[in-house]
Peer 1: 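Sharing a structure here in structure tokens format.
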Number of protein chains: 2
Amino acid sequence: MSRVPRPTYHHGNLRAAALERAAQLAADGGTGALSLRQLARDLGVSPAALYRHFADKDALLDGLAQRALAALESAARDALARAGGDQADAAERLAALGRGYLAFARAHPDAFRIVFELRPKAGRDPVEAAPYLLLLEAVTALAPPGADAARVRRAALAAWAFVHGLATLGAQQAWVAGEVAAAAEGLLRDYARGLRVGFPS
Amino acid sequence: MSRVPRPTYHHGNLRAAALERAAQLAADGGTGALSLRQLARDLGVSPAALYRHFADKDALLDGLAQRALAALESAARDALARAGGDQADAAERLAALGRGYLAFARAHPDAFRIVFELRPKAGRDPVEAAPYLLLLEAVTALAPPGADAARVRRAALAAWAFVHGLATLGAQQAWVAGEVAAAAEGLLRDYARGLRVGFPS
DNA sequence: ACCTGAACACCGTTCAAGT
DNA sequence: ACCTGAACACCGTTCAAGT
């Protein structure tokens, strides 16, 4: 009859608790240092219990990647909103998206790595994910009226690659992260304005 | 007295043979699927034998990364030479370096991943590696006479990030790799020429 | 100097059994 | 439905001992 039957651990939300703790474990030591048995120990549960919630270790990592991708999307939307949202012009929006991407990678290097480090699998395609769609929208707005879809897609890919490269190099080397943080604003503005002036053929 | 005392396996070159086989194992299944015991089994040697040549598993992976980095450097130098070497103008050289980088990532996605996927460790800094120095040289040649070192370094970082982003995104998603391969030539030329026209402030 | 054998403390995963 | 206990086949690493 109790309406709140122990919402903690052993009852109900083991899956959520496991993902939460797994994210912490992956944050220090990296995704390779994540052990299901250690995780079970931390949660006060038998190793086998996790298999009621995840098919295997890979499924757990997949869950982690989805969480991180959602966080990245939030960061992108927030940066967009802070820049004025739909009212801002397209170059402004593009720069804001880049800013959000870089800020996320800098603030949560572990989560950023998790999104992209896993081997590509059926169904997990970052390109179908929301952040890419936001980018495509901004680039489309920047493109000249006559531009065909393939040309726009290529420009979006180039813009993504530029920012993604800055983010991944920064996530690997601390001093690069510093350099990126210092130069990011200028680089993003130059890039976005350059796109409007000379949209690639 | 035998001048060539079984140069194979059990004698002499276990280290080289281990790296060779490890590279193969990492190529399929990824670096995470690499097991020292499996490796020892493949080489017909006891697991402990590997510890005469590598301090631990991480040291083996480090050896793998160094090999891959050397291969990447070769690819960059080859592309440079094919483009005319020192006689080619700076924009041409910069584009050639990008071409070599992308071609390597496409031909050996596993090796490319190994270079960059490992957690940064003291002493392993891709930025001190030869490929970066070649890049810095080309960008320096493109910079206007008065440009100071920091500005040049920033431009080199941006160029690297652009190409690195294309390469890593391509290494993750097969269709992106195709798109990159199709668009690379145009993107690289535009980028290199754009740098000469409007070197970033 | 280089390698083996055996051992230690860990893994991921499965499966019968409990509640 | 969700969890435990015990087991299986694996790990990385160490250390004495062999040649």
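Here is the naming used below: chain letters follow the sequence lines, and residue numbers restart at 1 for every chain. In what follows, every heavy atom counts, from backbone to side chain, and hydrogens, waters and symmetry copies are set aside.
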Peer 1: Please give, in whole Å, the distance from D:dC3 P to A:Leu43 CG?
Peer 2: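 The distance from CG of A:Leu43 to P of D:dC3 comes to 11 Å, rounded to the nearest Å.
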
Peer 1: Name the stems with DNA chain D in them: runs of three or more consecutive Watson-Crick or G-U pairs, distances under 3.5 Å?
Peer 2: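 When the pairs of DNA chain D are grouped into runs of at least three, the stems are C:4-8 with D:12-16, C:12-16 with D:4-8.
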
Peer 1: Using side chain to side chain contact (heavy atoms under 4.5 Å, CB included) as the criterion, list what pairs up with B:Thr140, not counting sequence neighbours.
Peer 2: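 Testing B:Thr140 for side chain to side chain contact (heavy atoms under 4.5 Å, CB included), a comparison that skips the adjacent residues, returns B:Leu136, B:Val152.
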
Peer 1: Aromatic contact between A:Phe162 and B:His164, with the criterion being ring centroids under 6.0 Å apart: yes or no?
Peer 2: no

Peer 1: Could you state the atom-to-atom distance from CG of B:Leu14 to P of C:dC2 in whole Å?
Peer 2: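 Answer to the nearest Å: 10 Å.
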
Peer 1: Quick one: which protein N/O atoms are closer than 3.5 Å to N/O atoms of nucleotides 9-11 of chain D? Pair and distance per line, please.
Peer 2:
residue: D:dC11; atom: OP1; partner: B:Ser35; partner atom: OG; Å: 3.4
residue: D:dC11; atom: OP2; partner: B:Arg41; partner atom: NH2; Å: 2.6
residue: D:dC11; atom: O5'; partner: B:Ser35; partner atom: OG; Å: 3.2

Peer 1: Main chain of A:Leu34, side chain of A:Lys57: is a donor-acceptor contact present, judged purely on distance under 3.5 Å?
Peer 2: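 Pair found, side chain donor or acceptor close to backbone of A:Leu34.
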
Peer 1: Measure the distance from CG on B:Leu50 to C1' on C:dT4 and round it to the nearest whole Å.
Peer 2: 13 Å

Peer 1: Pair up each side-chain donor or acceptor in residues 76-87 of chain A with any protein partner under 3.5 Å, not counting sequence neighbours, and list the distances.
Peer 2:
residue: A:Arg77; atom: NE; partner: A:Glu73; partner atom: OE2; Å: 3.1
residue: A:Arg77; atom: NH2; partner: A:Glu73; partner atom: OE2; Å: 2.9

Peer 1: Tell me whether B:Asp148 contacts the main-chain N or O of B:Arg151 through its side chain, where contact means a donor paired with an acceptor under 3.5 Å.
Peer 2: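 Yes; at least one donor-acceptor contact below 3.5 Å.
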
Peer 1: Quick one: B:Leu39 CG to C:dC3 P, roughly how many Å, whole number?
Peer 2: 13 Å

Peer 1: Distance only, no hydrogens: is a donor on one side chain within 3.5 Å (strictly under) of an acceptor on the other, for A:Asp42 and A:Gln38?
Peer 2: yes

Peer 1: Take B:Arg93 and B:Glu137 through the test salt bridge (Lys or Arg N to Asp or Glu O under 4.0 Å) and record every step on the way to the result.
Peer 2: CA-CA 9 Å; B:Arg93 296 210 304 273; B:Glu137 197 185 12; 5.6 Å; no

Peer 1: What is the distance from CG of B:Leu61 to C1' of D:dG12, rounded to the nearest Å?
Peer 2: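 One finds 12 Å between C1' of D:dG12 and CG of B:Leu61, rounded.
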
Peer 1: Answer yes or no: is there a donor N or O on one side and an acceptor on the other, between the side chain of B:Arg113 and the main chain of B:Ala171, under 3.5 Å?
Peer 2: yes

Peer 1: In terms of the nearest nucleotide of DNA chain C, which residue is placed more toward the 5' end: B:Ala48 or A:Ala48?
Peer 2: B:Ala48

Peer 1: Distance check: side-chain N/O of B:His53 vs OP1/OP2 of C:dA1, anything under 4.0 Å?
Peer 2: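 Indeed not, no polar side-chain atom of B:His53 lies that close.
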
Peer 1: Taking only Lys NZ, Arg NE, NH1 and NH2, and the carboxylate oxygens of Asp or Glu, determine whether B:Arg193 and B:Glu92 approach each other closer than 4.0 Å.
Peer 2: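 Not counted as a salt bridge, because no side-chain N and carboxylate O are separated by less than 4.0 Å.
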
Peer 1: B:Tyr51 OH to D:dT13 P: how many Å, rounded?
Peer 2: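 Nearest whole value for this atom pair: 4 Å.
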
Peer 1: For the pair A:Asp56 (side chain) and A:Ala59 (backbone), establish whether a donor and an acceptor sit closer than 3.5 Å, ignoring hydrogens and angles.
Peer 2: yes

Peer 1: Give each protein N/O atom lying under 3.5 Å from an N/O atom of nucleotides 16-19 of chain C, with the pair distance.
Peer 2:
none

Peer 1: My understanding is that only residues two or more places apart in sequence, or in another chain, count here; which of them pass salt bridge (charged side-chain N to carboxylate O under 4.0 Å, His left out) with B:Arg52?
Peer 2: none

